[in-house]
Amino acid sequence: MKKIDKDRLILGFAGPVLALVVALALTTVVLLASGQNPFEPYRIMFDSASYADVQVLIINQAGTYYLAALAVAVGFRMNLFNIGVDGQYRLAAMMAALVGASVELPGPLHIALIVIVAMLVGAFWSGIAGFLKTTRGVSEVVSTIMLNSIATALVAWLILPKNFGEQPAGSNNLTTGEIAESGWFPGLPMADGAGEIYGFTFVAAGCGVLYWFALNRTRFGFDLRATGASESAAQASGVDAKKMVLTSMLISGAVAGLAGMPTLLGDTHTYSLDFPTGIGFTGITIALLGRNNPLGIALSALLIAFLDKSSASLDQYGYEKEIATIMQGLIVISVVVSYELVRRYGIRRQQQKVGEELAAGHALTTEKEAAL
């Protein structure tokens, strides 16, 4: 049985816990500086989250965030910063909605077609950045940021009525047309009219299990982690680093394509101008806070979803709901600072343990020599 490293476990939890404490403290300072009650908003948010319908909203939102964060985490494990998840997610959702609305197949086949299209489009869009990095050395940060803007313009052009979009009568909104009911992913109805949990939320959880297994129990996962730790060392051991970079970007984009599926297949059944944006950037926050660990990402996704959904009632009590946005921003800053502090402490602690072991070994040797 593998022995648990207590120091490593404590240090693993210390980073996110410290980040949350600091973010909470700074948010309280902001509330005090604005002349507002620093504790009342938290009580209101927790009270709001006690209602079943809000809890369903939190779980559904967390499923979307979880997929976006997994997409970011795949890149992070390779030391790749895929900032383009948001563009990949939106373009994939729109193309999947277009294809889904244009055909009508038996339920499982219809859903499978929509999901496959979303994954392929997401993988293609992120693959452009991967191709540019492996062939021309272009930073994925620069290319994915540019591809986000291109995706936004492309979606806006495709959804025009003269191209592939539709404009419902009496509405200024533009849509891709509604997907037939055979393409709807069944959800889990909750009691007392609280709504239903998107069926794709459970698929998102399954993706987390698959992510953990692939990363920790397969040769591909070992190669990916090895290349992320040291590209030159991995290459010297026979790993094709460029191939791993491209493969990681393709997988990251494919998972990003899935991020729009809970909403598309479980709620809207169409892509429109009202479709959620900014999911990919929130995914970066969640992946950082969860330290690229599937369980940590799940808890972080629930936290951010809680802040999003429970803050909606703040304005009814005279508080700005942007308090939650401020807290999310402070979490990002706190994560960077706290993880660096924990890392430095971990190095000092490791050096101290090595020193103690060397001292103990020297003392033992001295005792043996004295006995002889």
Side-chain angles (χ1 to χ4, degrees), residues 57-58 60-72 75 81-98 100-101 114 117-119 121-122 124-126 129 141 143-160 163-168 171-177 179 198 200-201 204 252-288 300-301 304-309 311-312 321-322 324-329 331-332:
L57 290 174
I58 290 172
N60 286 336
Q61 188 67 70
T64 298
Y65 285 162
Y66 188 63
L67 287 168
L70 284 181
V72 175
F81 204 176
N82 183 7
I83 303 181
V85 167
D86 201 64
Q88 295 151 22
Y89 140 82
R90 285 185 288 115
L91 185 61
M94 188 201 170
M95 293 304 297
L98 277 174
I114 293 170
V117 168
M119 293 179 69
V121 172
F124 169 76
W125 206 246
S126 65
V141 175
S143 58
T144 50
I145 288 176
M146 295 178 68
L147 285 167
N148 271 341
S149 299
I150 296 172
T152 300
L154 186 57
V155 167
W157 180 79
L158 289 171
I159 205 170
L160 291 173
N163 296 319
F164 299 100
E166 298 179 5
Q167 184 171 4
S171 173
N172 291 326
N173 202 1
L174 299 176
T175 78
T176 54
I179 298 171
Y198 300 153
F200 215 85
T201 299
S252 178
V255 178
L258 291 177
M261 295 302 99
T263 302
L264 180 65
L265 299 179
D267 182 22
T268 63
H269 311 300
T270 186
Y271 185 96
S272 69
L273 298 178
D274 298 331
F275 209 78
T277 58
I279 300 295
F281 298 109
T282 305
I284 295 174
T285 301
I286 294 169
L288 284 171
S300 302
I304 301 300
F306 162 77
L307 293 175
D308 278 352
K309 299 306 178 182
S311 63
K321 60 183 180 181
E322 283 72 24
T325 306
I326 292 172
M327 187 177 290
Q328 289 181 28
I331 286 174
V332 176

Partner residues of Phe275 under the ring-ring contact (aromatic ring centres under 6.0 Å, His included) criterion, sequence neighbours left out = Tyr271
Residues that Phe281 engages under ring-ring contact (aromatic ring centres under 6.0 Å, His included), provided they are two or more places apart | none
State which residues pass side-chain contact (heavy atoms from CB on, under 4.5 Å) with Thr201; sequence neighbours excluded, sorted by chain then number.
-> Ile59, Asn60, Ile197, Tyr198
Evaluate the side-chain proximity of Ile150 to Trp125: yes if any heavy-atom separation is below 4.5 Å, no if none is.
-> yes
Quick one: list whatever passes side chain to side chain donor-acceptor pair (under 3.5 Å) with Tyr66, sequence neighbours left out.
-> none
Residues which pass side-chain contact (heavy atoms from CB on, under 4.5 Å) with Glu322, listed by chain and number, not counting sequence neighbours | Glu320
Considering residues at least two apart in sequence or located in another chain, which fulfil the side-chain contact (heavy atoms from CB on, under 4.5 Å) criterion with Val332?
-> Thr285
Which residues pass the side chain to side chain donor-acceptor pair (under 3.5 Å) test with Thr268, sequence neighbours left out?
-> none
Ser272 meets the side-chain contact (heavy atoms from CB on, under 4.5 Å) criterion, sequence neighbours left out, with Asn173, Thr175, Asp274
Phe306: what forms a ring-ring contact (aromatic ring centres under 6.0 Å, His included) with it, not counting sequence neighbours?
-> Phe46
Partner set under side chain to side chain donor-acceptor pair (under 3.5 Å) for Ser300, not counting sequence neighbours = none
List the atom pairs, with distances to 0.1 Å, where a side-chain N or O of residues 252-260 and a protein N or O form a donor-acceptor pair under 3.5 Å, not counting sequence neighbours.
from: Ser252; atom 1: OG; to: Ala71; atom 2: O; distance (Å): 2.5
from: Ser252; atom 1: OG; to: Asn82; atom 2: ND2; distance (Å): 2.8

Sorted by chain and residue number, the side chain to side chain donor-acceptor pair (under 3.5 Å) partners of Thr152 (sequence neighbours excluded) come out as Arg90
